[in-house]
Amino acid sequence: MRKPLLLSSLAALLMAAVAAAHAAPPTQEAVTPPAPPATGRAAELLKPGPLPEMVMGKADAPVTIVEYADLSCPHCAHFHHDVLPKVKAKYLDTGKARLLFREFPLNSHSLIAFASVRCAPPQAAFPLISALFKSQSDWIQAASLPALGDKLFPFAQQVGLTRAAFDACVPHSDTNISDKQKQLVDAITKVRDRGHSAFGVNATPTFFVNGEKLSGASIEDFDKAIGKALKP
């Protein structure tokens, strides 16, 4: 897995932002769907976090897949391009399963890219995620925070975000970060930290199917895990 070097000034900025954030994180006009009854780790995984869930599939699906992903991770991009369409056709579109997508940024590039996703309209989250995975090799090369913003904005614009709204929400300067931007950075960081501390996530992508951790990410792995979860 490729792990780009942190922008030094941004790393300091984000550390300060996390420490300084004190208000409730920004909310989106989205309602977290009710989860099927669950116990143990499955129930813990489904507890509300600091941000609304990004969900694909029906709320009453009997199987819940939780994915922790990094937008700069080539393996995550491979899953979303090559495996997810098969999972979607077989399980999400048929009402057998739903997917909860959660942030696990491993570097500041990915963290800022996730901020752009959270600043876009909720219904645009997955189209934007897909676009960012497809263009991963380009925006990950940005050498500064302003350059990264310039690379990310065209994708956000395609899903309805204006430049003014993008600049107000996504950190784009290492010397001037707003409370709103700090709160969003803090919330995304908390999603990642909870995944690590509560569920042992330490690599991306990591998947759980009804609370059970998958050892792989192929369609065959999902067939086996979902088939087991659907058994009476």
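Using modelled atom types, no side-chain atom of Trp139 and backbone atom of Leu148 make a donor-acceptor pair closer than 3.5 Å. Between the side chain of Glu212 and the backbone N or O of Val209 there is no donor-acceptor pair closer than 3.5 Å. A side-chain donor-acceptor contact under 3.5 Å links Arg41 to the backbone of Gly211. Side chain of Gln181 to backbone of Val170: a donor-acceptor contact under 3.5 angstrom is found. Distance alone, capped at 3.5 Å, places no donor-acceptor pair between the Glu44 side chain and the Ala198 backbone. Under the 3.5 Å distance criterion, the side-chain polar atoms of Asp221 are matched with a main-chain donor or acceptor of Ala217. His172 places a side-chain N or O within 3.5 Å of a backbone atom of Asp167 that can act as its donor or acceptor partner. The closest donor-acceptor contact from the side chain of Thr94 to the backbone of Lys90 lies under 3.5 Å. A donor-acceptor contact shorter than 3.5 Å is absent between the side chain of His78 and the backbone of Pro74.
There is a side-chain donor-acceptor pair under 3.5 Å between His80 and Glu67. When only modelled atom types and interatomic distance are considered, Asn107 and Ser72 share a side-chain donor-acceptor pair under 3.5 Å.
Taking each heavy atom of Val159 and Ala120 in turn, the nearest pair found is CG2-CB, 4.0 Å. Residue Asn210 comes nearest to Ala229 through the heavy atom pair ND2-CB, 3.8 Å, listed as atom of the first residue, atom of the second, then distance. Looking at every heavy atom in both residues, Phe104 comes nearest to Val201 through CZ-O, 3.3 Å. Closest of all the heavy-atom pairs between Ala156 and Phe166 is CB-CD1, 3.8 Å. Between Tyr68 and Val191, the shortest heavy-atom contact is CE2-O, 4.0 Å. What you find for Pro62 and Gly95 is that their closest heavy atoms are CD-O, 3.3 Å.
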Pair Lys182, Asp186 - check salt bridge (Lys or Arg N to Asp or Glu O under 4.0 Å), show working. CA-CA 6 Å; Lys182 290 175 185 177; Asp186 184 49; over 6 Å; no
Please test Val87 against Ile65 for side chain to side chain contact (heavy atoms under 4.5 Å, CB included), starting from the C-alpha separation and ending with a verdict. CA-CA 10 Å; Val87 174; Ile65 304 165; 4.1 Å; yes
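Counting heavy atoms from C-beta on, the side chains of Lys96 and Lys58 never come closer than 4.5 Å. Proximity of Tyr91 to Val63: side-chain heavy atoms (C-beta onward) are nowhere separated by under 4.5 Å.
Heavy-atom neighbours of Lys228 NZ from other residues, nucleotides or ligands within 6.0 Å: at or below the threshold of 12. Shown here is His196, whose NE2 atom has no more than 12 heavy atoms of other residues, nucleotides or ligands within 6.0 Å.
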